[in-house]
2 protein chains.
Amino acid sequence: MDVAIFTVRQQQLSVLLVQRPNTPDEPFPGLWALPGGFVDIDRDRDLEACALRKLRDKTAVTSPYLEQLGSWGSKDRDPRGWSTTHAYFALIPDAGTPEAGANAADAAWNPITGNGVTVKLAFDHREILETAIDRLRSKVEYTSLPVYLLPTEFTMTELQRMFEIVLGREVEKSAFRTRVFSADFIEPVPRMREGQQRPAQLYRLQRSSGVVFFPRTFSPRGHR
Amino acid sequence: MDVAIFTVRQQQLSVLLVQRPNTPDEPFPGLWALPGGFVDIDRDRDLEACALRKLRDKTAVTSPYLEQLGSWGSKDRDPRGWSTTHAYFALIPDAGTPEAGANAADAAWNPITGNGVTVKLAFDHREILETAIDRLRSKVEYTSLPVYLLPTEFTMTELQRMFEIVLGREVEKSAFRTRVFSADFIEPVPRMREGQQRPAQLYRLQRSSGVVFFPRTFSPRGHR
DNA sequence: CTAACTAAGTTGCACAGTACCCCTAATGTG
DNA sequence: CACATTAGGGGTACTGTGCAACTTAGTTAG
């Protein structure tokens, strides 16, 4: 079980990695890897519960976006022999830093550059991470996923910025607003008083509104 | 490892099921289930190779559409205790009947009605099958998946019929043709001679053309 | 204080892709 | 022969988006 936990910190899409123990009898000593471990058949009701537990161990985030990414199994991925792993990916707001977690001394956020990360990864985690990034970018083209990268209240511009950071390109402000409003999954936060710090309207996710699918992908004119 | 193998027979979306042995020491004796079994770490390089082997055992189909569906693991799905399975789903043309396969005496095609099948299924296979059907219907809204339900040569009307059978509703002929042609993943088969049996133009999948994603989903006017 | 600047939010037009309705030609059927 | 059926395509309206220009309000520099 491995979990690719994404957030956006300092305007960069980043993934949480942990350092493997440096004991030479463990595979890939000292390398970085996606946080994970074995399923605990006493504590974990099912696979998703196990992924949630791994996430809470590292970040103290309770209700992230969590999706099963896929499974990898072959006789090559672990030097000890045939092995299998279930991979999940999660989106959390910036607040949930690894420092806030429990046993997170060995954890660090790594910014995504291109299709992966600059450090070398253990096992087949480079491939798993690349699949996770592909899936994330692909779904951001036609779903509302990036709301889960923001705190509960946010401005329209901040939401747009999340889309742009994940996609790695700019999107049109006007078309973006039309798209988001007609999908009807966020609601404006009532303005408290006139003398507000921020001039921009705050929004929040509507209660019991899941991931929204837009009828079209983003598609700049020159694309095809 | 379980595989949901779909085809369209007699104008109905159908899934291949196998009957479990009737010995009382096996779980769910006599019930129907998705074809599957344990990974053979000597023969199977990886998970996909294992799924392909299961498919060939039952259908003698060599190059289907095959996609990883997900994994299910919990302490409830098997009465013998915590267990895990990897599920794949496959699309094959009608030609690959189970009778053509090797050890397929216990296999049968079951038509899909609504979200599942009429017979009772073993383990959590009802849930897995429902997930497979959901995924299939969802992807047919915006991809070219149904070509894999047809033989190598087919008419435009037959292709449209595949979309309609999977989706369970009719689609507009004219819009369908525009959509398919502009996606440019099939090519016309040169007409052999004038005195052809069929009046309709035959098409085939372009070589090395994978699954095509359309820029929009089907979306009848009254929808929202 | 005023001017320049910046960010929030709106408006208008063009265009791609689709829904829907209608037409034509060719073939099959009594 | 008349008639029904089917392949194939045309025309129009509409939705969602790309793109650019604009207004308004708050912020900053001088």
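Letters A, B, ... mirror the listed sequences (proteins, then strands); counts begin at 1.
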Length of the line joining [X]:[atom1] and [N]:[atom2], which is rounded to integer Å:
X      : N      : atom1 : atom2 : value
B:Q160 : C:dC20 : CD    : C1'   : 14 Å
A:D184 : D:dG16 : CG    : P     : 13 Å
A:L159 : C:dA8  : CG    : P     : 12 Å
A:F214 : C:dT18 : CZ    : P     : 19 Å
B:Q201 : D:dT6  : CD    : P     : 19 Å
A:E170 : D:dC19 : CD    : P     : 11 Å
B:E172 : C:dC20 : CD    : P     : 6 Å
A:L202 : C:dA7  : CG    : C1'   : 15 Å

*asked:* Under the rule for side-chain hydrogen bond (donor to acceptor under 3.5 Å, both in side chains), what residues qualify as partners of A:D184, not counting sequence neighbours?
replied: A:Q206
*asked:* Just to verify, what does B:R204 make a side-chain hydrogen bond (donor to acceptor under 3.5 Å, both in side chains) with, not counting sequence neighbours?
replied: B:E187
*asked:* Holding to side chain to side chain contact (heavy atoms under 4.5 Å, CB included), I want the full list of residues that pass it with B:F185, two or more places apart in sequence or in another chain.
replied: B:S144, B:V147, B:V180, B:A183, B:L205, B:S209, B:V212, B:F214
*Considering residues at least two apart in sequence or located in another chain, which fulfil the side chain to side chain contact (heavy atoms under 4.5 Å, CB included) criterion with B:Q10?*
none
Between the protein and nucleotides 10-13 of chain C, which nitrogen or oxygen pairs are less than 3.5 angstrom apart?
unit_1: C:dT11; atom_1: O4; unit_2: A:S174; atom_2: OG; d: 2.8

*Are the aromatic ring centres of B:F176 and B:F163 under 6.0 angstrom apart?*
yes
*asked:* I want to check one thing: is the phosphate of D:dG16, taken as OP1 and OP2, less than 4.0 Å away from some side-chain N or O of B:R216?
replied: no
*Among residues two or more places apart or on two chains, list those pairs meeting side chain to side chain donor-acceptor pair (under 3.5 Å) that have a residue in residues 112-129 of chain A.*
A:D2-A:H125, A:W72-A:E127, A:R77-A:D124
